[in-house]
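Computed over heavy atoms, backbone and side chain alike; hydrogens, waters and symmetry mates excluded.
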Amino acid sequence: MGDLPRSGPGHAASVINDCWNKIGVHGDASCPELKQYAHCRNCPVFSAAAVTLLDRDAPAGYIVDWTSHFAKTIEVEEPDTHSAVIFRLGAEWFALLALIFDEVAELRTIHSLPHRRSSVVLGLVNVRGELIICVSLAKMLSVEEAPLKPDGASVADGRLVVIRHEGARMAFPVDEVERTHRYHPRELRAVPATIAKAPSAYTKGMLTWRGRMVGFLDEQLIVHTLNRSVA
């Protein structure tokens, strides 16, 4: 390391002899003062160099940059906020607590079950080597579903959502999944009377998201109803 530049009021730029990098502890340790001070940080030459560096004029834009930095409003996350996953079924948007989401996977073949008693149950899907019951949340909510290909996959670029509740996993196809959304419970609005009867029965509130109203589903009621469908 070479000599350090120095500048300050009333004198032109000069250099600081950084002897600690040459003959000091970071150099060849040949400085005779080391016998007295043991380490360069104890030497008055090192201390004087530090003071000189701190006394330099601030570089151009330094004060403006830091003033702008500290003038910014600090966005503090409001306490008691929760995370929700927003997804689309047909033309309708819904949300569920992120806590019950286990994973979001690509759509795959749904193997039908013989003698199934409920139309909500679609069949079984293989997720990471585990066969999981796949249900139609759209059918349970009376939402018009996107058509399925012969192999059981949606025509749209949908996803397979896997939820977990009390150790049990269940999957259902959706047409679209958005990122996790943070919200505060007071943001939930009452379900308007214009909402269809079936979805409103499972909706605990409406959440405004990107200029549209999203039905926030009651996860406890959803899981309970789905479990009854597969029993």
### Query
Can you name the nearest heavy-atom pair linking L113 to G123, along with the distance?
CG-CA, 4.0 Å
#### Entry: Co-membership, hydrophobic cluster, residues V177 and V135, 4.5 Å side-chain
yes
### Task
Locate the shortest heavy-atom distance separating L107 from L160; write the atom from each residue and the value.
CD2-N, 3.9 Å
### Task
Supply the atom-to-atom distance S229 OG to K139 NZ, rounded to the nearest 0.5 angstrom.
11.5 Å
### Query
To which residues is V25 joined in a hydrophobic cluster, defined by side-chain heavy-atom contacts under 4.5 Å among Ile, Leu, Val, Met, Phe, Trp and Tyr, whether direct or through other members?
L34
### Task
Give the intermediate values and the outcome of side chain to side chain contact (heavy atoms under 4.5 Å, CB included) for residues K22 and D18.
CA-CA 7 Å; K22 299 172 183 176; D18 56 331; 3.6 Å; yes
### Task
Specify whether H26 and H39 have parallel, tilted or perpendicular ring planes, treating 30° as the upper limit for parallel and 60° as the lower limit for perpendicular.
perpendicular
### Message
Is the ring pair F46/W20 parallel, tilted or perpendicular, if the boundaries are 30 and 60 degrees?
### Response
perpendicular
### Task
Nearest 0.5 Å please: distance from the CD1 atom of I222 over to the CD atom of Q220.
11.0 Å
### Message
Just so I know, are the side chains of P173 and C134 near enough to count as touching, which here means a heavy-atom distance under 4.5 Å?
### Response
yes
### Task
Give the minimum heavy-atom separation between R169 and V127, together with the two atoms involved.
NH2-O, 3.9 Å
### Message
Could you see if V191 belongs to whatever hydrophobic cluster contains L97? Use Ile, Leu, Val, Met, Phe, Trp, Tyr and a side-chain cutoff under 4.5 Å.
### Response
no
### Validation row: M170, N227 side chains within 4.5 angstrom (heavy atoms)
yes
## Note on the structure
OH of Y202 to CE of M140, rounded to nearest 0.5 Å, is 4.5 Å
### Message
Working note: I163 + D102, criterion side chain to side chain contact (heavy atoms under 4.5 Å, CB included); need CA distance, chi angles, decisive distance, verdict.
### Response
CA-CA 5 Å; I163 60 174; D102 204 30; 5.9 Å; no
### Query
Hydrophobic cluster mates of I63, side-chain heavy atoms under 4.5 angstrom, ILVMFWY only, any path?
Y62, W66, F70
### Separation of I110 CD1 from N126 CG (nearest 0.5 Å)
12.5 Å
### Task
Give a yes or no on whether the backbone of A138 and the side-chain of S142 come within a donor-acceptor separation of less than 3.5 Å.
no
### Message
Just so I know, are the side chains of V143 and L89 near enough to count as touching, which here means a heavy-atom distance under 4.5 Å?
### Response
yes
### Query
Can you tell me how far the NE2 atom of H82 sits from the CG atom of L99, to the nearest 0.5 Å?
9.0 Å
### Message
Keeping D175 on the side-chain end and G158 on the backbone end, is there a donor-acceptor pair under 3.5 Å?
### Response
no
### Joint hydrophobic cluster, W93 plus M206, side-chain heavy atoms closer than 4.5 Å
no
### Query
Does atom CD of E106 have more than 12 heavy-atom neighbours from other groups under 6.0 Å away?
no
### Query
Taking all atoms of both residues into account, what is the closest heavy-atom pair of I132 and A171, and its distance?
CG2-N, 3.8 Å
### Message
Please tell me whether L226 and I100 are part of a single hydrophobic cluster in this structure, the criterion being side-chain heavy atoms less than 4.5 Å apart.
### Response
yes
### Point-to-point distance, once rounded to the nearest 0.5 Å, from CD1 of I23 to OG of S30
5.0 Å
### Task
Would you check, one step at a time, whether the test salt bridge (charged side-chain N to carboxylate O under 4.0 Å, His left out) holds for R164 with E103?
CA-CA 9 Å; R164 182 187 295 272; E103 64 178 291; over 6 Å; no
## Note on the structure
When every non-hydrogen atom of Y183 is compared with those of A84, the smallest separation belongs to CE2-CB, 3.9 Å
### Query
Any Lys/Arg nitrogen of K204 or E219 sitting under 4.0 Å from an Asp/Glu carboxylate oxygen of the other?
yes
### Query
Are E176 and R159 close enough, and set up right, to give a salt bridge (charged side-chain N to carboxylate O under 4.0 Å, His left out), and what steps lead you there?
CA-CA 6 Å; E176 192 175 346; R159 291 291 184 268; over 6 Å; no
### Message
Given 3.5 Å as the limit, does a donor-acceptor pair link the side chain of R189 with the main chain of G205, or not?
### Response
no
#### Entry: Full working for side chain to side chain contact (heavy atoms under 4.5 Å, CB included) between F87 and V214
CA-CA 9 Å; F87 56 92; V214 175; over 6 Å; no
### Query
With hydrophobic residues grouped by side-chain heavy-atom distances under 4.5 Å, do L96 and V223 end up in a single group?
yes
### Query
E187 and T208: side chain to side chain contact (heavy atoms under 4.5 Å, CB included), yes or no, with the steps?
CA-CA 8 Å; E187 296 178 41; T208 302; over 6 Å; no
### Message
Looking at L221, is its backbone amide N or carbonyl O close enough to the side chain of D218 to form a donor-acceptor pair, meaning the two atoms are under 3.5 Å apart?
### Response
yes
### Task
Would you check if the side chain of S118 reaches a backbone N or O of V120 as a donor-acceptor pair within less than 3.5 Å?
yes
### Task
Return the minimal non-hydrogen interatomic distance between R182 and S83, and the atom names on each side.
NH1-OG, 2.5 Å
### Heavy-atom side-chain proximity of L122 to S112 below 4.5 angstrom
no
### Message
Looking at R88 and G90, would you say the former's side chain and the latter's main chain have a donor-acceptor pair under 3.5 Å?
### Response
yes
### Query
Any side-chain heavy-atom pair from E92 and L141 closer than 4.5 angstrom?
no
### Query
Do the two ring centres, one from F94 and one from F216, sit under 6.0 Å apart?
no
